[in-house]
Number of protein chains: 2
Amino acid sequence: MSIKVGILGYGNLGKGIECAIKQNDDMELVAVFTRRDPSTVTIQTEGVTVANVSDVKDYADKIDVMILCGGSATDLPEQTPEYAKLFNVVDSFDTHARIPEHFANVDKAAKDANKVAIISVGWDPGLFSLARIYGNAILPEGKDYTFWGKGVSQGHSDAIRRVEGVKDAKQYTIPVDEALDAVRSGSNPELTTRQKHTRECFVVLEDGADASKVEEEIKNMPNYFADYDTTVHFISEEELKANHSGIPHGGFVIRTGKTGWDSQNNNIIEYSLKLDSNPEFTTSVLIAYARAAYRLSKEGDKGCKSVFDIAPAYLSPKSGEELRKELL
Amino acid sequence: MSIKVGILGYGNLGKGIECAIKQNDDMELVAVFTRRDPSTVTIQTEGVTVANVSDVKDYADKIDVMILCGGSATDLPEQTPEYAKLFNVVDSFDTHARIPEHFANVDKAAKDANKVAIISVGWDPGLFSLARIYGNAILPEGKDYTFWGKGVSQGHSDAIRRVEGVKDAKQYTIPVDEALDAVRSGSNPELTTRQKHTRECFVVLEDGADASKVEEEIKNMPNYFADYDTTVHFISEEELKANHSGIPHGGFVIRTGKTGWDSQNNNIIEYSLKLDSNPEFTTSVLIAYARAAYRLSKEGDKGCKSVFDIAPAYLSPKSGEELRKELL
């Protein structure tokens, strides 16, 4: 019997979930829920319902896990506690500073409703968090480094698009090789924001816009660019579309730490991702945790969890025997 | 209140456990057990008992977790089931092919005695197994690659030492850069044993031994060297001691996999270790899982587990709130 999955929100993440379900034989897509008029939304999976989110209550008994594909700024803080009253849920809430508050809200709703909710699933937070917790537990005398990229930052691309004279833009976050090498050498460097990442911008100007003015405004934008070495390339709309329409990303989590009676030995743990598609990979992680949410719920568990609370075996469709034989 | 730890076996692993306990404030070393005459064994921690293994029963109420530091060939298959009758135990059993049988034996003993046993803890099996299970669960349409090194293989060094005319030797397993690069390119290469690793040997000859005969014998040794490109260097005993007395190791687990409706996107997950001290790092992992064994036992759990069965939060001394705030 397959795990019945619902998708709430059909943007990049919702579409990614659809692809991930196709790769997992124990999963079945039951319905996609949208705030739009369902008749205007075409999905890729044949024979699956697109419904308006206002009808979601009708599906309470038909869906084992609802995957919430909204944004972290305004959608998920409301949606995850709300839908945890009806479904086991998984979300990708990624506003690090607000995770404790979000966890508490979701935990209360899920416990009251006897549901399992897993929040902040994806790669950061998510797999990178796992690299950090394992690294910290194993090398307590050590130091953490997280680098992002090379990849497209949606937030930074949006910030550029808000600059007057900009028609469209893509921004890449790039880790600095020298900084990565310094960390890998085990020298435990202290690195500034500027030393860790550079930012590269590909910008399409509006007709008649002043390129040097736009470039200055981007480079001096506080929070987004002022603390970084930023390069700005002006390109045509065709070139942007041809060469910069993908959504790649990735990054590195490195834990360096000492062992030995006199802390005389260096050890380096490195975890890295290189992703052609950030949303598709994120949703591949969400689907694995949807499997865990389903199983934990079947076992009678309830409440809010993060990736820290889930034993890895729950993520795999294989049995304990198979896992020990094939992957241990 | 600290977790009371016992060490059974005082070789490289036992010594590593001692160092790891020193780095973890919630751990306390209670006693070291040896098959030797305890008066001949000097340990580094002041004020801690060294006892003969025949007296281990007297410590059943004084130790929360016993860490078994014997070898996988003959010690652990007997020791882990035996001591799981008295203690929560953790071992580093690493004979992959015999894990299912070992798990079953330990599970029965631990369940009968209401104890928790965690087997096959370390980095392979252990952290590399975790990289494999997470990678497989997240990218089901993909391929696994495991590379070892650069590092000292104890088994291969021992094999060289058994060759007639060899006084001492160290063998390094080295992953081939071209193979690593091919895997990282996402091309999913099929790699032979010879293409993945080379073997480099540093050999001290007995007086009057025939170097070319020794070299031939090493290079043609079935299972150990015949399937690899092997280089043999003859060096002096002083040079071996000066430059090859460390026990470094490491390796790479790479999962490459496709995402997207038409499997059109490539994604690469890479986990790697670079260790100055293989036994000290291994025991740092063992100590983190000893913490988990203790906590699971406190919760009333019992039976045999592997790293697949342990939620990451159990490994860290931090609370759930701290973990979510600091590491998620």
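For clarity, every value in this text was computed on a predicted model and none was experimentally measured. Labels below follow one simple rule: chain letters A, B, ... track the order of the sequence lines, proteins then strands, and each chain is numbered from 1.
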Cross-interface N/O pairs, chain A with chain B, donor-acceptor, under 3.5 angstrom:
unit_1, atom_1, unit_2, atom_2, d
K22(A), NZ, W261(B), O, 2.5
Q23(A), NE2, E141(B), OE1, 3.3
Q23(A), NE2, K258(B), O, 2.9
S129(A), OG, L328(B), O, 2.8
R132(A), NE, L327(B), O, 2.9
R132(A), NH2, L328(B), O, 3.0
Y134(A), OH, Y134(B), OH, 3.2
E141(A), OE1, Q23(B), NE2, 3.3
K258(A), O, Q23(B), NE2, 2.9
T259(A), OG1, E280(B), OE1, 2.8
G260(A), N, E280(B), OE1, 3.1
W261(A), O, K22(B), NZ, 2.5
N265(A), ND2, E280(B), OE1, 2.9
N265(A), ND2, E280(B), OE2, 3.4
N266(A), N, D276(B), OD2, 2.9
N266(A), O, D276(B), N, 2.9
N267(A), OD1, D276(B), N, 3.3
I268(A), N, K274(B), O, 2.8
I268(A), O, K274(B), N, 2.9
E270(A), N, S272(B), O, 2.8
E270(A), O, S272(B), N, 2.8
S272(A), N, E270(B), O, 2.8
S272(A), O, E270(B), N, 2.8
K274(A), N, I268(B), O, 2.9
K274(A), O, I268(B), N, 2.8
D276(A), N, N266(B), O, 2.9
D276(A), N, N267(B), OD1, 3.3
D276(A), OD2, N266(B), N, 2.9
E280(A), OE1, T259(B), OG1, 2.8
E280(A), OE1, G260(B), N, 3.1
E280(A), OE1, N265(B), ND2, 3.0
E280(A), OE2, N265(B), ND2, 3.4
F308(A), O, A313(B), N, 2.8
A313(A), N, F308(B), O, 2.8
L327(A), O, R132(B), NE, 2.9
L328(A), O, S129(B), OG, 2.8
L328(A), O, R132(B), NH2, 3.0

Can you sort out the partners of P248(A) under side chain to side chain contact (heavy atoms under 4.5 Å, CB included), two or more places apart, ordered by chain and number?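 For P248(A), the residues satisfying side chain to side chain contact (heavy atoms under 4.5 Å, CB included) (neighbours in sequence not counted) are V152(A), Y172(A).
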
Contact part of [X] toward chain B, heavy-atom cut-off under 4.5 Å: side chain, backbone, both or neither?
| X | value |
| --- | --- |
| I99(A) | side chain |
| L139(A) | side chain |
| I310(A) | backbone |
| L127(A) | side chain |

CD1 on I138(A) to CD1 on I287(B), rounded to 0.5 Å: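 It comes to 12.0 Å.
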
Do you know which of [options] has the most heavy-atom pairs under 4.5 Å to chain A?
| options | result |
| --- | --- |
| A104(B), C19(B), G126(B), G320(B) | C19(B) |
| P312(B), G260(B), P279(B), A137(B) | P312(B) |
| F252(B), F128(B), F103(B) | F103(B) |

Under a 4.5 Å cutoff for heavy-atom pairs, which residue among [options] has the most contacts with chain B?
| options | value |
| --- | --- |
| L315(A), V253(A), I133(A) | I133(A) |
| P140(A), P125(A), P100(A) | P140(A) |
| A313(A), G257(A), A97(A), P317(A) | A313(A) |
| L328(A), V307(A), I268(A) | L328(A) |

Where on L130(B) is there a heavy atom nearer than 4.5 Å to chain A: the side chain, the backbone, both, or neither?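 Interface part for L130(B): side chain.
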
